[in-house]
Amino acid sequence: MSTIQEKKPASMYDNVMQQYYKVAERINLNENIKKILAITNNEIIIHFPVKMDNGDVKIFTGYRVQHNNALGPYKGGLRYHPSIDVSDAKALAMWMTWKTSLAGLPFGGAKGGIQLDPRDHSLAELERITRRFTFALGENIGPEQDIPAPDVNTNEQTMAWILDTYMSTKSSSQRSHNQHVVTGKPVGAGGLEGRDRATGFGVYLSIKLLLAEQGKSLKGKRFIVQGFGNVGQWVSHFMIQEGAKLLAVQDAHASLINENGIDVDQLIEHTKPRKGSIQGFIGAEEIEPKRFFGLDCDILIPAALGNQINQQNAYDIKANIIAEGANGPITGEGENIILEKGITIIPDILCNSGGVIGSYFEWLQNRNGELWQLEEVMRKIEKKFSENFSKVAKAVEEHQTDWRTASYILAISRIETAYRQRGIFP
Ligand code: NAD
């Protein structure tokens with residue numbers, strides 16, 4: 001039995017800043033706007049006490065970083081992980097600004113989380129931690145201010161607790177106007193049908209659309225996935241529906257392979273009573289974690305944490321396509337090696353934007369007091385995602401560059417236009 005060390009990744013912040021300055025130079029971004037986008041507007045750090053099940057009080061540290069809101073309210077996930085800190089939250093908030101801009105949404109970028117390992121806590125403790133953090137955040141979040149969503153180790157239940165706590169601070173006549181303070185809620189609590197699968201669906205669509213550009217299909221393609229949570233499970237689900245084969249999967253606990261293809265439904269069932277872990281699945285063989293990225297496959301989908309693909313393992317990669325389900329899974333050095341090998345990277349800000357597109361529809365649904373059916377939602381996500389994909393594909397041709405650079409050019413240019421048109425107050 002082997003386990004993967006959940007070590008804190010090297011700085012994702014360095015990575016995002018490097019990506020930003022590279023494109024800012026290339027498009028000759030206005031110097032003043034360059035200064036504004038290089039900083040985060042607000043960095044909120046909250047230390048708060050919570051009573052544990054045994055009666056002891058424990059102090060937790062939570063973060064909410066709001067990078068930019070030139071295009072609309074701040075938007076981004078909340079992550080529960082021992083490694084989250086202000087530097088990671090800054091990087092992830094910045095990626096959200098680029099992502100919402102690229103997707104053509106009326107949102108800015110934010111990210112946050114609480115430094116903890118959810119496996120150390122009961123459900124009742126997690127509820128109290130979430131509610132106390134929400135209360136402490138106060139009006140720093142809000143349906144027209146900053147709208148959290150699920151991320152690593154948070155889910156629709158977490159969003160329901162935030163919603164309920166936030167709404168409890170409002171007068172009864174105001175409560176229904178505040179349902180869109182979070183997205184990714186359970187459907188019964190005002191959530192959107194299909195928001196659960198939106199990110200994985202977008203990742204799958206991006207691969208399908210890229211292959212279609214090359215005159216190919218997903219049929220018979222071998223893919224590997226790192227991370228088997230919300231994103232990893234749903235992308236695998238959609239990929240095998242189109243005839244692709246899940247060769248291998250890795251999570252925080254194990255790395256599994258089956259040359260004949262892993263049964264995705266059975267693996268999902270296996271994880272349910274095991275707090276999401278794939279360990280001990282009998283439909284595949286366990287391998288050394290370090291072999292994972294070098295496996296012989298067509299498509300690699302990182303869908304776990306940042307900085308997983310780096311100088312040490314980038315040379316080994318055999319896939320032709322890397323679809324970034326995770327945010328910032330490849331370091332700058334890793335990326336240089338990969339691009340030199342001729343591998344296409346579908347960048348996070350495009351690849352996993354199905355999630356925030358779904359969140360936008362949830363926000364609109366609540367704001368307008370509407371209720372949409374699953375088919376309608378999936379159609380809307382597919383249309384919006386495909387249009388964005390085509391814009392990036394066109395920019396790749398026009399600028400003769402890689403997909404990340406093309407995505408950044410579009411994302412930053414849209415915000416630059418907004419600043420140019422509006423000017424800077426006062
Ligand atoms: P999740 O908590 O549901 O799943 C995370 C998975 O990663 C788990 O299977 C976990 O075991 C695995 N993992 C953790 N550490 C690992 C390690 N060191 N090595 C291998 N696997 C490891 O989280 P999620 O919501 O699926 O998010 C995954 C990634 O996708 C994150 O980078 C997140 O920011 C990004 N993302 C998520 C959404 C969304 O809607 N949930 C949207 C956009 C981007």
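Ligands are counted one by one from 1 in listed order, and the atoms in each one are counted from 1 as well.
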- Message: Would G276 count as a polar contact of ligand 1, with the cut-off being nitrogen or oxygen pairs under 3.5 Å?
- Response: no
- Which pairs count as side-chain hydrogen bond (donor to acceptor under 3.5 Å, both in side chains) when at least one residue sits in residues 375-386, sequence neighbours excluded? K383-E387
- Short N/O distance, under 3.5 Å, between N327 and ligand 1? yes
- Between V231 and ligand 1, find which residue part has any heavy-atom pair under 4.0 Å and reply side chain, backbone, both or neither. both
- Checking heavy-atom distances from atom 36 (N) of ligand 1 to each of G355, S359, G325, the winner is G325
- Note on the structure: Counting from 1 in the order shown, the ligand 1 atoms closer than 4.0 Å to a non-hydrogen atom of Q226 are 19 (N), 20 (C)
- Query: Is it true that a side-chain atom of N313 and a backbone atom of Q308 form a donor plus acceptor pair closer than 3.5 Å?
  - Reply: yes
- Query: Can you find a side-chain donor-acceptor pair between R195 and S359 that sits under 3.5 Å?
  - Reply: yes
- Message: I want to confirm something. Looking only at heavy atoms, which of T199, V356, V235 is nearest to atom 40 (O) of ligand 1?
- Response: T199
- Under 3.5 Å: N/O of R79 near N/O of ligand 1: yes
- Message: I'd like to know whether K219 forms a salt bridge (Lys or Arg N to Asp or Glu O under 4.0 Å) with E242, so could you lay out the CA-CA distance, the side-chain angles of the two residues, the decisive distance to 0.1 Å, and finally the verdict.
- Response: CA-CA 6 Å; K219 199 160 173 35; E242 291 263 327; over 6 Å; no
- Message: Looking at non-hydrogen atoms alone, which of G227, A303, G354, G229 comes nearest to atom 28 (C) of ligand 1?
- Response: A303
- In terms of the angle between their ring planes, are W98 and Y408 parallel, tilted or perpendicular, with boundaries placed at 30° and 60°? tilted
- Query: Sequence neighbours excluded, which residues qualify as side chain to side chain donor-acceptor pair (under 3.5 Å) partners of N155?
  - Reply: T158
- Just heavy atoms, cut-off under 4.0 Å: does P289 contact ligand 1 by side chain, backbone, both, or neither? neither
- Task: Flag D151 as yes when one of its N or O atoms lies below 3.5 Å from any N or O atom of ligand 1, and as no otherwise.
- Result: yes
- Message: Please work out, at 4.0 Å between heavy atoms, whether the side chain, the backbone, both, or neither of R195 comes within that distance of ligand 1.
- Response: side chain
